[in-house]
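Scroll down for the structure; my scribbles are underneath it.
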2 protein chains.
Amino acid sequence: MTVSRVINDQPTVSQVTRQRVLAAMTELGYRPNVAARALVTGRTRTLGVVSIDTTLYGPASMLLAIERAARDIGYAISIASLPSVDRRSFGEAFEALMAQAVEGIIAITPHTSTTTALRHAPKDIPVVAVEGGRAPVPTVAVDQRLGARIATEHLLSLGHATVGHIAGPSDWHEAQERERGWHDALTDAEREIPELVRGDWSPRSGYEAARKLIGRPELTAIFVANDQMAIGALRALSEAAIAVPERVSIVGFDDIPEAEFFTPPLTTLRQEFGEVGRQSLALLMEQVEGAPRSRRRIVIPPELIVRESTRAPY
Amino acid sequence: MTVSRVINDQPTVSQVTRQRVLAAMTELGYRPNVAARALVTGRTRTLGVVSIDTTLYGPASMLLAIERAARDIGYAISIASLPSVDRRSFGEAFEALMAQAVEGIIAITPHTSTTTALRHAPKDIPVVAVEGGRAPVPTVAVDQRLGARIATEHLLSLGHATVGHIAGPSDWHEAQERERGWHDALTDAEREIPELVRGDWSPRSGYEAARKLIGRPELTAIFVANDQMAIGALRALSEAAIAVPERVSIVGFDDIPEAEFFTPPLTTLRQEFGEVGRQSLALLMEQVEGAPRSRRRIVIPPELIVRESTRAPY
DNA sequence: AACTCGCCTGTTCACGTTAACAGGCATGCT
DNA sequence: AGCATGCCTGTTAACGTGAACAGGCGAGTT
């Protein structure tokens, strides 16, 4: 019992005893048994993160920020990834974390389908969604719509008549929001709204989408929904000998570390993934500490980074 | 007790009772208490992964593969990242995982300093190193030296007189090995060995390194130690109006998803990160199941992917 | 009928920790 | 002296599970 008091920094232990206990602990290589502690306190001091493909820059950055912030406050992070993006897969990942008795779960699940799954998730555990659209749980998200509007307005302000769009997959909230923001900006400026082309976030899909847009030479500016597709688009334009930014301006989204070194360096919208991760943890901890599940929504604005892929039309 | 038997699939329970128990379990929403189980069995069915910056493509891919394979065999994955690359930081991350009573740890720690740290890690827990150089624990690694040799020989076989090298940071095993492979190939072919330039893996450092190499116009081929630096190098060459591959050939390393869409598409060495992750888990599980800590080393060969950034010198 | 055997179910206890309570002892007050 | 008080340390029980053992009961054997 006295050992327990020393470990938990309780004041009712004399200095002498405390020192003796600590000495014995180091001597014996004693380590408190987390299982026994969890059994009696009912708290595991572990949080779960369920996420889609963590090789993507965004999710990976958030996960990293979450883990660091969690360790600082004495929590461990357990992960569960989604092999495929559907409700069942989400349910299994969620269940795997529940089975470990995590005290709360952060869901990095930017799909409409996983948001639906979140609606059916157990209500007796703290949950926070990241980029979770209109999920019935507290949410942290970057203001995608605003970012897309900024991107589009940046291109319009340079003098482009209108702006094309290579969109992300339609079952992603981020893709939907960026599409809306682009649409908003063009509508507000009373410009023609070109038909959009849809990709799947991959460089390859950006490449293919751009090849389709090459057939419309009147288009002098394209807002690409993420940087990876933008690199594919740059490739396609380069192959078609269409100079960027001389003949076509390009704006991306994300500001991945490579973006600055594309040919040409990419104008894009920076998302503070680390901040998103930290905020989501803070929001989760509120619930873990006892606050009721709210529908609070923290929105983080993106930032336009102007580089060399945009300029006035020729 | 009978419930315990049903949960653990023991055969000595009648069909009728089993069904009744299962029915009651679903009705009550019963979930076994992992803490109690861990307390009595002494096993947590949790593994730890300590890793440097998991936003890098390689570590992220391995982590993902490890998590999937682990969940398949009923193990949870807890993560601990290194805020900085030194022994203390490694020790803290390792200790955080130990404190959670993980049954084994995979260390994705490609630095010489963390390998040193591994030497002083507790011996009473299963450990596997990934890219851990000559760590005193079982190791899984890609044959970096072979890959670098293949890259260099590919360039020599195209007719280049010699091959320059933009190396990675000297405290990384991978950088050292790639440098050796490059050196080996040039030595074997009896070619002049140009002075290398060192970067830090980032696109920016590749950019700066390439700018230095521009001062040596006789160099017609460069082996860049990773794809991110390669994109920076391509950028620098593009700015200097040095055509790739017409005037200079470039080979990268990693085959990140973007590599195919660089300008020009990058010839590079593909590392099967997923395979590395799975193998490291398998090796760890051997120890967890009771095998003694060996110094077994699993080496996975990289694969040359020829694209458009290499050709014969002009 | 008495016994053995196999099949199934139940009982007891231990795992390591912490909450709650008990109690020893020195100090200071009446 | 007697007593209350505060400070510290010790005791007991409980958390939920599974190992080990106990035992009931029906079927088959002698």
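Letters go in sequence order (proteins before strands), and every chain restarts at 1. Note: hydrogens, waters and symmetry copies are ignored here, and every other heavy atom, side chains too, is used.
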Without decimals, in angstroms, what is the distance between [X] [atom1] and [N] [atom2]?
X       : N      : atom1 : atom2 : value
B:Arg18 : C:dC7  : CZ    : P     : 15 Å
A:Arg43 : C:dA19 : CZ    : C1'   : 16 Å
A:Met25 : C:dG16 : CE    : P     : 16 Å

Would you call A:Glu286 and A:Arg296 a salt bridge, taking side-chain N to carboxylate O under 4.0 Å as the test? yes
What residue among B:Thr112, B:Thr115, B:Thr139 forms side chain to side chain donor-acceptor pair (under 3.5 Å) with B:His173? B:Thr115
Aromatic contact, A:Tyr57 with A:Phe273 (centres under 6.0 Å): yes
Readout for nucleotides 15-27 of chain D: B = base within 4.0 Å of protein heavy atom, S = sugar-phosphate only, - = neither; 5' to 3' it is BBBBBB-------
Residues two or more places apart in sequence or in another chain: which of them pass side-chain contact (heavy atoms from CB on, under 4.5 Å) with B:Glu275? B:Glu272, B:Arg278, B:Gln279, B:Ile300
Just distance, no hydrogens or angles: give the donor-acceptor pairs under 3.5 Å from side chains in residues 101-109 of chain B, sequence neighbours left out.
from, atom 1, to, atom 2, distance (Å)
B:Glu103, OE1, B:Arg43, NE, 3.1
B:Glu103, OE1, B:Arg43, NH2, 2.8
B:Glu103, OE1, B:Tyr75, OH, 3.1
B:Glu103, OE2, B:Thr44, N, 2.9
B:Glu103, OE2, B:Arg45, N, 2.5

